[in-house]
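The model shown is predicted, which means the values in this text are computed figures rather than measured ones.
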Amino acid sequence: MNAWLLSIVGVVSLGVLLEILLADGQTAKYIKGVFALAVVLVLVAPIPKFLNKNFDVDEFFGKEIVTQTSFLESINDRKNTERESKVLTQLKKDGINAERVRIFYLRNEYENIDIVKVYIKSESDENKIYKTVSDKLGCDKTKIKIYLAS
C-alpha cells in the first residue's frame, strides 16, 4: 500500500513538473493525454489485488526483454582498452619502459579485477610498477603480474 501511495505522489510530482516545462501547443496536448493515461493506470493498479485475482502485469504486456549483449560487450571492451591505455601512459610518465598492459576480470565483471599483466621492455623497479598500477586501478598489488617482454 505504501508503494502505491508513493507512486501516486511521484506521478503527481511528475505531472506538476511536466506542466511547468511544457509549452502550450499541439504536442503538449498529446503528451498530457498520455500522462493522464499513466496516472489512471497508477491509480487502478492495486484493484486486481483487492479482487483477489492473479493479475500479472508481465503476462499482460509480455515478459520478453531483449538485451543487446554485443553492444554491451563492445562498450565494456572499449572501457577496458581505455583503462589499459591510461595505466600504460602513467607507467611511461613514471619512467617505466612498459610495452603493454592487459587487464583481466573475474567472471567478466568489469568492476572486479582478477589480474593485471604488465609487460615491460627492460628491468625496472617492481615496487614502482606495483604502486603505479594499484594506484591507477585501485586494485590489490597481489593481482599485478610483471613480465619481461621479448
Within-4.5 Å side-chain heavy-atom neighbours: [X] and [Y]:
| X | Y | answer |
| --- | --- | --- |
| Val9 | Ser13 | yes |
| Leu148 | Tyr119 | no |
| Val116 | Val118 | yes |

Self-check item: Path from Leu43 to Val12 over hydrophobic side-chain contacts below 4.5 Å
Solution: yes
Quiz item: Are Leu14 and Ile31 connected in the hydrophobic side-chain network, where two residues link if heavy atoms are under 4.5 Å apart?
Solution: yes
Quiz item: Applying salt bridge (Lys or Arg N to Asp or Glu O under 4.0 Å), which residue pairs with at least one partner in residues 93-104 are found, sequence neighbours left out?
Solution: Glu84-Arg102
Exercise. Enumerate the residue pairs fulfilling salt bridge (Lys or Arg N to Asp or Glu O under 4.0 Å) with a member in residues 114-127, sequence neighbours excluded, ordered by first and then second residue.
Key: none
Self-check item: Candidate list Leu91, Val101, Ile146, test side-chain contact (heavy atoms from CB on, under 4.5 Å), partner Ile120, passing option
Solution: Ile146
Quiz item: If you round to the nearest 0.5 Å, how far is CG of Asn76 from OG1 of Thr81?
Solution: 10.5 Å
Practice problem: Flag the pair Glu82 and Arg78 as a salt bridge only when some basic side-chain nitrogen lies within less than 4.0 angstrom of an acidic carboxylate oxygen. | Solution: no
Quiz item: So Arg83 and Ile113, side-chain contact (heavy atoms from CB on, under 4.5 Å) or not? Walk me through it.
Solution: CA-CA 12 Å; Arg83 268 182 160 175; Ile113 294 176; 4.3 Å; yes
Quiz item: So, for Lys136 and Val87, which heavy atoms are closest and what is the spacing to 0.1 Å?
Solution: CG-CG2, 3.8 Å
Quiz prompt | Minimal non-hydrogen separation, Ser124 against Asn97, with atom names | solution = OG-N, 4.2 Å
Exercise. Please list, chain by chain and in numerical order, all residues satisfying side-chain hydrogen bond (donor to acceptor under 3.5 Å, both in side chains) with Asp135, sequence neighbours excluded.
Key: Lys131
Quiz prompt | For Lys128, all residues meeting side-chain hydrogen bond (donor to acceptor under 3.5 Å, both in side chains), sequence neighbours excluded | solution = none
Quiz item: Hydrophobic clusters join Ile, Leu, Val, Met, Phe, Trp and Tyr when side-chain heavy atoms are under 4.5 Å apart, directly or via other members; which others share one with Tyr30?
Solution: none
Quiz item: How does the hydrophobic cluster around Phe104 look, that is, which other residues are in it when side-chain heavy atoms under 4.5 Å mark a link?
Solution: Ile115
Quiz item: Within the distance-only criterion (no hydrogens, no angle test), does the side chain of Ser134 pair as donor or acceptor with the backbone N or O of Tyr130 below 3.5 angstrom?
Solution: yes
Practice problem: Could you go through the side-chain hydrogen bond (donor to acceptor under 3.5 Å, both in side chains) check for Tyr105 and Asn80 one step at a time? | Solution: CA-CA 10 Å; Tyr105 300 93; Asn80 188 41; 2.8 Å; yes
